[in-house]
Amino acid sequence: MIALGHYCIYAALAVTALTGSLGAAAVRMRRRDLGRAARNGALAASGFTTLAAAGLVYALVAGDYQIEYVWANSDRALPLFYKLGALWGGQAGSLLFWALLLSFFSTAVAIRHRNDPDEFLAPALTVLMVLQGFFLTLVAFVVSPFQRSSLIPPDGHGLNPLLQHPIMTIHPPTLYLGFVGLAVPFAFAIAALLSGKLGDEWIKRARAWTIAAWVFLTAGNVLGGRWAYVELGWGGYWAWDPVENAALMPWLTCTAFLHSVMIQERRGMLKVWNMLLIMVTFLLTITGTFITRSGLVSSVHSFAQSPIGPWFGGFLAFLAVGSFGLLAHRRSLLKSENVLDSFLSREAGFLLNNLILLGGAFTVLLGTFFPILSEVVRGVKVSLGPPYFNSIMTPIGIVLLFLLGAGPLIAWKRMRRVEAIRVIGVPLALGLLAGLILLLLGLRHASALAIFALSAFALVTIIWEFVRGVKARRGAGRESIPVALGRLLWRAPRRYGGYIVHVGVVMAFVGFAGTAFTREWERTARAGEEFEAGGYGFSFLGLEEEAGPGKESVAARVVLSRDGRDLVRLIPHRTWYEKAQQLSTEVAIYSTWKHDLYLVLAGFDPEGDEASFKIYENPLVGWFWWGGIVMCLGGILVLIPGQRRRAP
Amino acid sequence: MILSVAILVLLLAGAMAYIGSPLLAPGRAGRQEEEDAAFFEHETSLRLLRDLEHDRQTGKMDEEQYLLEKGRVEARGIAALRELDSLRAGATHRSGARATAREPAAERRER
């Protein structure tokens with residue numbers, strides 16, 4: 001298996017290099033046959049990469065511990081579910097997984113765009129092959145997943161306990177799909193620059209890939225938050241950890257790109273800006289991997305550190321110099337066809353939205369790299385914690401929320417001030433009314449109040465947009481409301497799917513605002529005792545010890561009640577993993593639409609049957625998870641092609 | 001070990017044959033790409049027209065602005081259609097000319 005795995009990686013690398021060369025030759029010589037050969041090459045490279053990955057999965061499942069990676073990331077006791085997840089649980093495997101996903105995307109591009117002009121497909125495939133070649137080079141020569149172990153141990157070391165959670169079998173692949181998916185629009189942008197075809201065609205080709213990648217990034221970020229929430233046991237889901245930030249930055253710039261391309265499509269403006277945005281977005285995904293792997297900044301993901309950081313740094317520099325240099329070279333071909341007619345227009349709103357999203361990404365970037373910057377400048381590593389991020393990102397979020405509400409109401413090109421006040425006035429007044437009611441009900445947190453008021457404003461405008469669309473359809477024909485709504489979504493999924501995404505964003509903001517009201521308590525109790533926190537009763541029944549293969553667990557059985565009525569049995573526990581010599585906390589959560597009650601077993605004395613608990617009340621946290629789901633559903637709706645006309 | 005190498009060599013040979021197969025039927029990029037570009041431009045115009053119509057129906061655009069924008073987009077779409085027509089007419093003309101050139105030869109064969 002070791003030899004076959006190595007050979008498959010070498011073969012994949014050779015075929016990838018050949019495919020890249022064929023693509024470059026097809027562009028240079030304008031030969032279709034070379035372009036078609038490059039398409040076939042992408043498929044063949046994918047085949048060899050898949051074989052290599054399949055070999056590693058087989059070794060993990062079969063327990064081939066003479067392979068160092070298999071020994072370090074699995075053991076006999078590990079359930080099959082996690083053995084499969086071990087493919088991306090360690091350094092070398094995750095790099096092979098990157099290469100595998102990239103090869104799948106290259107294959108999908110080669111198949112989906114097989115009838116496209118070669119001037120787009122061939123250079124795009126060449127760019128994808130360069131990226132794939134980099135990852136394959138790493139797994140072939142720097143950190144091989146098929147490295148032979150000096151001994152043949154009888155059992156493996158086991159997977160990191162923190163990764164032994166069902167979400168961890170979904171979160172990394174989802175996030176990787178987002179990161180890797182962004183390589184496709186990047187490749188099309190570079191292809192457009194190389195071919196000099198700098199109209200809207202590259203955007204048309206890149207759009208669906210960008211949205212798909214955005215959906216995966218959204219899902220990946222939300223799943224990552226959920227994992228941190230249920231696994232790390234500190235009561236929250238977002239701590240501005242460098243690796244979390246690394247996934248958030250491309251999400252912010254990708255969101256900006258998805259808005260600004262609409263200006264290019266509609267008005268022929270912001271052509272350089274769009275190129276720049278997609279380049280920055282993709283480079284940020286590589287930056288994210290660089291942060292994770294280099295160990296430059298400390299993170300909860302430090303298990304992924306290795307000496308490949310400099311390789312990523314070098315590759316990042318190569319990509320940045322190459323893509324920005326090419327953009328500068330082609331700048332004269334990217335002139336705007338129009339100018340901004342008025343600051344009271346949809347395009348001005350999008351532009352502002354872009355600047356704010358980019359400002360947010362820059363804030364996060366600065367905060368993430370600040371420890372390095374401070375060390376370089378002052379010789380002291382200073383980390384910026386949540387107060388820095390929250391103090392800047394909260395106002396940014398509030399302005400974004402206002403734009404999210406106002407944007408869809410504003411017309412393209414220009415809008416008269418009176419008209420703008422007329423259309424925005426009523427929803428804004430309703431939003432302010434909602435804020436006023438909350439203020440009268442005793443809500444005193446300024447940022448949360450602003451978020452709730454603007455969320456109401458944004459929701460009213462979105463509902464109003466649907467109402468106007470349905471009314472327009474019913475005015476044109478005699479359709480019932482459900483039929484009109486269905487046809488509205490079917491015929492204009494791009495527009496209305498976007499509004500559904502906005503609903504998800506509003507829900508997520510409501511969830512964020514809830515964190516302002518988090519409360520926590522610490523309680524100690526003996527078995528049979530009861531205690532109270534946050535208006536709930538907790539009846540501690542006792543501790544239960546359980547030993548599994550390679551781990552020992554202590555669980556506390558607690559019955560949650562309210563107003564004398566039993567609600568649910570909560571079982572938080574702590575597990576000690578023998579091989580990893582690591583303690584893991586499993587929390588117990590009681591969720592309602594209003595809040596989560598989050599119970600952590602903080603400590604225990606098994607002899608005295610006494611336990612200490614940390615209890616958090618997290619208001620509105622469920623809105624964040626559901627907001628993420630709605631965002632993804634809206635994004636999927638946007639991907640539907642919509643009404644098509646027959647070709648002339 | 002030997003079996004592994006043999007399998008991989010076979011797979012590589014198959015891959016090379018698959019990759020190289022298009023080279024046996026060479027062709028140059030040409031008119032099809034220009035047609036694709038014109039068709040894409042026409043498709044974009046249609047979508048923009050639908051967007052404009054929707055903006056007018058939902059009251060986001062007054063009649064005057066709608067007509068102005070509609071005229072601009074229609075002109076863009078018509079130009080794309082003309083380009084498409086001329087490309088296709090050129091292709092028909094060339095294939096017609098080739099047919100005419102072949103005709104005497106066919107007649108000669110009959111004679």
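If you're wondering where the values come from, they're calculated on a predicted model, not measured in any experiment. Protein chains get the first letters and strands the later ones, always in sequence-line order, with residue 1 at the start of each. Side-chain atoms are counted along with the backbone in the values below, which use heavy atoms only and exclude waters and symmetry mates.
Using a 4.5 Å cut-off between heavy atoms, A:Arg495 touches chain B through its side chain atoms alone. Only the side chain of A:Arg494 has a heavy atom closer than 4.5 Å to any heavy atom of chain B. Neither the backbone nor the side chain of A:Phe120 comes within less than 4.5 Å of any heavy atom in chain B. Using a 4.5 Å cut-off between heavy atoms, A:Glu265 touches chain B through backbone and side chain atoms alike. Using a 4.5 Å cut-off between heavy atoms, B:Asp51 contacts chain A through both its backbone and its side chain. Neither the backbone nor the side chain of A:Ile2 comes within less than 4.5 Å of any heavy atom of chain B. In this structure, chain B has no heavy atom under 4.5 Å from any part of A:Ile203. In this structure, no portion of A:Arg205 lies under 4.5 Å from any heavy atom of chain B.
In the displayed structure, B:Arg82 atom CZ is contacted under 6.0 Å by at most 12 heavy atoms of other residues, nucleotides or ligands. Atom CD1 of B:Ile2 has 12 or fewer heavy atoms from other residues, nucleotides or ligands within 6.0 Å. Sparse packing is recorded around CD of B:Glu64, with 12 or fewer heavy atoms of other residues, nucleotides or ligands lying under 6.0 Å away.
Side-chain contact check for A:Arg491 versus B:Arg50: every heavy-atom pair is 4.5 Å or farther apart. In this structure, B:Tyr18 and A:Leu43 have side chains that are in contact, with non-hydrogen atoms separated by less than 4.5 Å. The shortest distance between side-chain heavy atoms of B:Leu48 and A:Arg266 falls below 4.5 Å. Side-chain atoms of B:Glu41 and A:Glu201, non-hydrogen and from C-beta on, never get closer than 4.5 Å to each other.
With sequence neighbours left out, the side-chain hydrogen bond (donor to acceptor under 3.5 Å, both in side chains) criterion links A:Ser195 to no other residue. Residues that satisfy the side-chain hydrogen bond (donor to acceptor under 3.5 Å, both in side chains) test with A:Tyr10, not counting sequence neighbours, are absent from this structure.
With chain B as the partner, the residue from A:Ala14, A:Gly199, A:Ala3, A:Gly41 showing the most heavy-atom pairs under 4.5 Å is A:Gly41.
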What's the verdict on side chain to side chain contact (heavy atoms under 4.5 Å, CB included) for B:Leu52 and A:Trp412, showing C-alpha distance, side-chain angles and the deciding distance? CA-CA 10 Å; B:Leu52 286 175; A:Trp412 286 96; over 6 Å; no

When you look at A:Asp200 and B:Arg76, which way does the salt bridge (Lys or Arg N to Asp or Glu O under 4.0 Å) test go after all the steps? CA-CA 13 Å; A:Asp200 296 350; B:Arg76 189 175 155 181; 3.7 Å; yes

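Residues A:Ala37 and B:Pro22 come closest through the heavy atom pair N-CG, 3.6 Å. A pairwise comparison of heavy atoms in B:Leu8 and A:Leu4 identifies CD1-CD1, 4.5 Å as the closest pair.
Distance check, rounded to the nearest 0.5 Å: CZ of A:Arg31 to CG of B:Leu23 gives 6.5 Å. Distance check, rounded to the nearest 0.5 Å: CG of B:Leu11 to CG of A:Leu51 gives 6.5 Å.
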